[in-house]
Amino acid sequence: MADNINPPATPPATAASLKRLHRIAREKSIITGLFNTLVLLLSVMLIVWISLDTFNNVDFLNSRPYMTFQLWVCVFFIIDFFVELAFAPDRWRYIAHRIVFLLLSIPYLNIIGLLDIQMSDTALYFVRFIPLARGALAMSIVIGYLSSNAISSLFLSYIVIMVMVTYFCSLIFFQEEYGINPQVDTYWTALWWAAMNMTTVGCDVSPVTVAGKIVDVVLPVVGMVIFPLFTVYLTDYVTRQIRKGHSRDDSEASSGGQTRS
C-alpha cells in the first residue's frame, strides 16, 4: 500500500510573517485611500473658492482666510507626497514619476507674499492655479483607477484633465477679459469660448489681454493632444466587443455540438 504523502505544514514563523505582511498591506491601502479622498475634497474646495472669488471679483492676495486655507492645502499635498513615497515599493521610480506632484504642491503664493516679490496681477492669478493643477492630476489618477481596462482608465483620466483645463481657462479668460473685452459680457460666454477652443473648432470671441491670448494658445494644444485618445478608446472598445462576440459564438457552437452528440 502506498504511503500517504502529506504536504509539509507551513512553519509558524512563515505564517505569522504572511499575516503581518497582509496586515501592513491593508493598512497601507487604507491610509493611501484616506489621503486620496482628502486630496480630492480639498481640491474641490479650492476650485469652489477660486470660482466664487472670480465671480465676485475678490482680491485673493488680501484675503487672509483664502491664503491661510491654500497654505494648509499645499502643506497637506506635500505630506501626501511623502506618505505615498514611504509606501512605494520603488521609491526612486516613484520620485521620477511623481516629482511634478511635489513641485505643484509648493505654496508659491504664500512664498511670494512672504518675500514681498513684485509680480503683475495676471502672473499672480496664474500662480493661484498651481495647487489646482496638483488636485486635477490627483483626480484624474483616482478616477482612472475606477476602470480595470488600461485604455478605459487612460481615457477617463484624460477626460478629467480636459474638463479641468477647460474650466480653469474659462475662469482665467473671464477674470482677465470681463470689463475690457466687449465680447465677454457673462461667464457663460467665457465658458463657451473655452469649450470651442478646446475642441479646436474656434470661436468668434477674440481675446484682447495677454492672459487671454495665452490661454487661447493653450486650449487648442491640449485639445489636439487629448481628442485623438477618443479614437484610440473607440477602436479598443469596438475590438473588445468583436472579441466578445466571437467568444460567445464559439462557446455556443461548442455547446451545440456537445448537445447533438
Side-chain angles (χ1 to χ4, degrees), residues 41-74 77 104-137 139-140 159-227:
L41 290 175
L42 291 174
S43 301
V44 171
M45 292 175 69
L46 267 181
I47 293 172
V48 172
W49 201 321
I50 288 180
S51 301
L52 292 176
D53 283 357
T54 300
F55 299 146
N56 296 321
N57 198 25
V58 175
D59 184 3
F60 58 91
L61 283 179
N62 294 322
S63 175
R64 185 176 181 84
Y66 173 79
M67 296 296 288
T68 303
F69 177 71
Q70 179 176 268
L71 172 63
W72 286 110
V73 168
C74 290
F77 285 171
L104 293 176
S105 302
I106 298 174
Y108 295 104
L109 266 185
N110 300 89
I111 295 173
I112 291 171
L114 181 64
L115 299 179
D116 196 22
I117 299 175
Q118 300 301 316
M119 297 179 66
S120 66
D121 292 340
T122 301
L124 288 173
Y125 195 75
F126 275 106
V127 172
R128 190 185 191 190
F129 280 87
I130 292 179
L132 287 183
R134 164 69 171 87
L137 287 175
M139 291 173 66
S140 66
I159 284 292
V160 173
I161 293 175
M162 182 185 70
V163 172
M164 291 292 100
V165 170
T166 302
Y167 182 66
F168 296 160
C169 287
S170 71
L171 288 179
I172 294 172
F173 190 76
F174 178 72
Q175 171 74 19
E176 297 299 319
E177 298 281 331
Y178 182 71
I180 299 175
N181 189 341
Q183 292 180 300
V184 182
D185 51 353
T186 65
Y187 167 72
W188 302 111
T189 302
L191 182 60
W192 173 257
W193 172 88
M196 290 298 98
N197 279 279
M198 173 62 77
T199 58
T200 69
V201 173
C203 185
D204 58 356
V205 177
S206 301
V208 297
T209 64
V210 174
K213 293 176 181 178
I214 291 175
V215 294
D216 190 38
V217 174
V218 170
L219 281 168
V221 171
V222 175
M224 286 187 291
V225 171
I226 291 179
F227 273 95

- Message: Please enumerate all residues that pass side chain to side chain donor-acceptor pair (under 3.5 Å) together with Ser43, with sequence neighbours excluded.
- Response: none
- Residue pairs involving residues 175-218 (criterion ring pair (Phe, Tyr, Trp, His ring centres under 6.0 Å); sequence neighbours excluded): Phe55-Tyr187, Phe173-Trp193, Phe174-Tyr178, Phe174-Tyr187
Which donor-acceptor pairs under 3.5 Å do side chains of residues 105-119 form with protein atoms, sequence neighbours excluded?
residue	atom	partner	partner atom	Å
Ser105	OG	Phe101	O	2.6
Ser105	OG	Arg134	NE	3.2
Tyr108	OH	Leu103	O	2.8
Asn110	ND2	Met67	O	3.0
Asp116	OD1	Gln118	NE2	3.2

- Task: Just jot down the side chain to side chain donor-acceptor pair (under 3.5 Å) partners of Thr186, sequence neighbours excluded, or say none.
- Result: Thr189
- Message: If you apply the rule side-chain contact (heavy atoms from CB on, under 4.5 Å), what do you find for Ile130 with Val127, and how did you get there?
- Response: CA-CA 5 Å; Ile130 292 179; Val127 172; 4.2 Å; yes
- Query: With sequence neighbours excluded, what pairs up with Pro65 under the side-chain contact (heavy atoms from CB on, under 4.5 Å) test?
  - Reply: Trp49, Ser63
- Task: Check Pro220 against Thr200 and note the closest heavy-atom contact, atom names and distance.
- Result: O-CG2, 3.8 Å
- Message: Considering only residues two or more places apart or on different chains, which pairs with a residue in residues 65-74 satisfy side-chain hydrogen bond (donor to acceptor under 3.5 Å, both in side chains)?
- Response: Tyr66-Gln70, Tyr66-Arg128
- Message: What's the separation between atom CD in Gln175 and atom CZ in Phe126, rounded to the nearest 0.5 Å?
- Response: 11.0 Å
- Item | Straight-line distance of Phe69 CZ to Leu42 CG, nearest 0.5 Å | 5.5 Å
- Note on the structure: On a heavy-atom basis, the closest approach of Ser51 and Leu171 is OG-CD1, 3.8 Å
Side-chain donor/acceptor pairs under 3.5 Å, residues 205-215, sequence neighbours excluded:
residue	atom	partner	partner atom	Å
Thr209	OG1	Glu177	OE2	2.6
Thr209	OG1	Gly212	N	3.1

- Note on the structure: Residues at least two apart in sequence or cross-chain that pass ring pair (Phe, Tyr, Trp, His ring centres under 6.0 Å) with Phe168, listed by chain then number, are Phe129
- Message: Measuring only between side-chain heavy atoms, which start at C-beta, is Met164 closer than 4.5 Å to Val160?
- Response: yes
- List the steps and the verdict of side-chain contact (heavy atoms from CB on, under 4.5 Å) for Met196 and Asp204. CA-CA 10 Å; Met196 290 298 98; Asp204 58 356; over 6 Å; no
